Amino acid sequence: MSISTVLSKNIGPIALAIWLISAGVLGWLFVNGTTTPSADSRTIVHLAPAERNFILAEMRQLLQAVHGVVTGMSETDQPRGHALAASAARSAGMKMAVDDNPGLILKLPLPMKQLGMSVHRDFDELADTILAGTTSQDVLQRLSAITTKCVTCHEMYQLE
Ligand code: HEC
């Protein structure tokens, strides 16, 4: 029997097997990402240089958002300050996450993706509550919950 006959007779099972293997590999990657343990008890996430630069640029934007919220909330002109704080928070909301490409997402371990997404969601909520005229105390509490996540993720992961 020629290869093509074998293939044509068994195309269903072969396709299923390939599909299962691909789904398995993709699923495994989705959960684990491309990682190895680091020397300082963090997990190293291995990325292409451009991907690492992309994430680090997002990180600097996150820091800028935190800075914008704190600066806005400290303004004496409250309406102006709150508007600035809300737009700073919004800049780090879910719309920041939509640019992330699928290949890069696969390389990140699941807990890292979850933490990252929850930070974007928190920033959107923070923007909403600032616009709704919440207290400075509430803004600080929400910001503290967000920075807890920054700290947690930085203690867990390193990019290479
Ligand atoms: C989901 C994980 C995660 C979250 C959440 C996270 N970071 Fe990061 N951040 C990282 C990783 C990983 C690095 C690279 C650390 C390394 O390689 O040593 C990093 C690096 C940075 C850097 C350095 C950027 C550079 O150019 O080198 C800054 C600044 C930063 N983060 C700010 C923040 C701030 C502010 C927050 C919270 C609002 C935050 N990050 C939340 C994972 C995260």
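Everything numeric in this text was worked out from a predicted model, so none of it was measured. In each ligand, atom 1 is the first atom listed, and ligand 1 is the first ligand listed.
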Inset, instruction - Flag the pair Q158 / D40 as yes when at least one side-chain heavy-atom distance between them is below 4.5 Å, and no otherwise. - result: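 They are in side-chain contact.
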Legend entry - Sub-4.5 Å side-chain heavy-atom contact between I55 and L104: yes
Inset, instruction - Determine whether L110 and V119 fall in the same hydrophobic cluster, where Ile, Leu, Val, Met, Phe, Trp and Tyr are linked whenever their side-chain heavy atoms lie under 4.5 Å apart. - result: no
Look at [atom] and say which protein heavy atom is nearest, naming residue and atom and giving the distance to 0.1 Å.
| atom | result |
| --- | --- |
| atom 26 (O) of ligand 1 | R60 NH1, 2.7 Å |
| atom 30 (C) of ligand 1 | M59 CB, 3.4 Å |
| atom 27 (O) of ligand 1 | L56 CD2, 3.8 Å |
| atom 34 (C) of ligand 1 | C150 SG, 3.6 Å |
| atom 29 (C) of ligand 1 | L63 CD2, 3.9 Å |

Legend entry - Spatial distance of atom CG (L63) from atom OG1 (T147) [nearest 0.5 Å]: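 One gets 11.0 Å once the value is rounded to the nearest 0.5 Å.
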Legend entry - CD-OG1 distance between E160 and T34, expressed to the nearest 0.5 angstrom: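 Answer rounded to 0.5 Å: 11.0 Å.
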State the atoms of ligand 1, each with its element, that fall below the 4.0 Å cut-off from a heavy-atom position in [X].
| X | value |
| --- | --- |
| Y157 | 12 (C) |
| M112 | 1 (C), 2 (C), 12 (C) |
| C153 | 1 (C), 2 (C), 3 (C), 4 (C), 5 (C), 42 (C), 43 (C) |
| G116 | 1 (C) |
| V119 | 5 (C) |

Sidechain-backbone polar pair: [X] side chain, [Y] backbone, donor-acceptor under 3.5 Å:
| X | Y | result |
| --- | --- | --- |
| S91 | A88 | yes |
| S144 | L140 | no |
| H120 | A92 | yes |

Inset, instruction - Select the closest option to atom 7 (N) of ligand 1 among M156, Q158, E58, H154, judged by heavy-atom distance. - result: H154
Legend entry - Within 6.0 Å of NE2 in H67, more than 12 heavy atoms from elsewhere: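 Not more than 12 within 6.0 Å, no.
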Inset, instruction - Report yes or no: does R42 have a heavy atom closer than 4.0 Å to ligand 1? - result: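 Yes.
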Inset, instruction - Return yes or no for this condition: an N or O of R52 is under 3.5 Å from an N or O of ligand 1. - result: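 There is no such contact.
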Inset, instruction - Could you say whether the N/O atoms of L159 and ligand 1 ever approach to under 3.5 Å? - result: yes
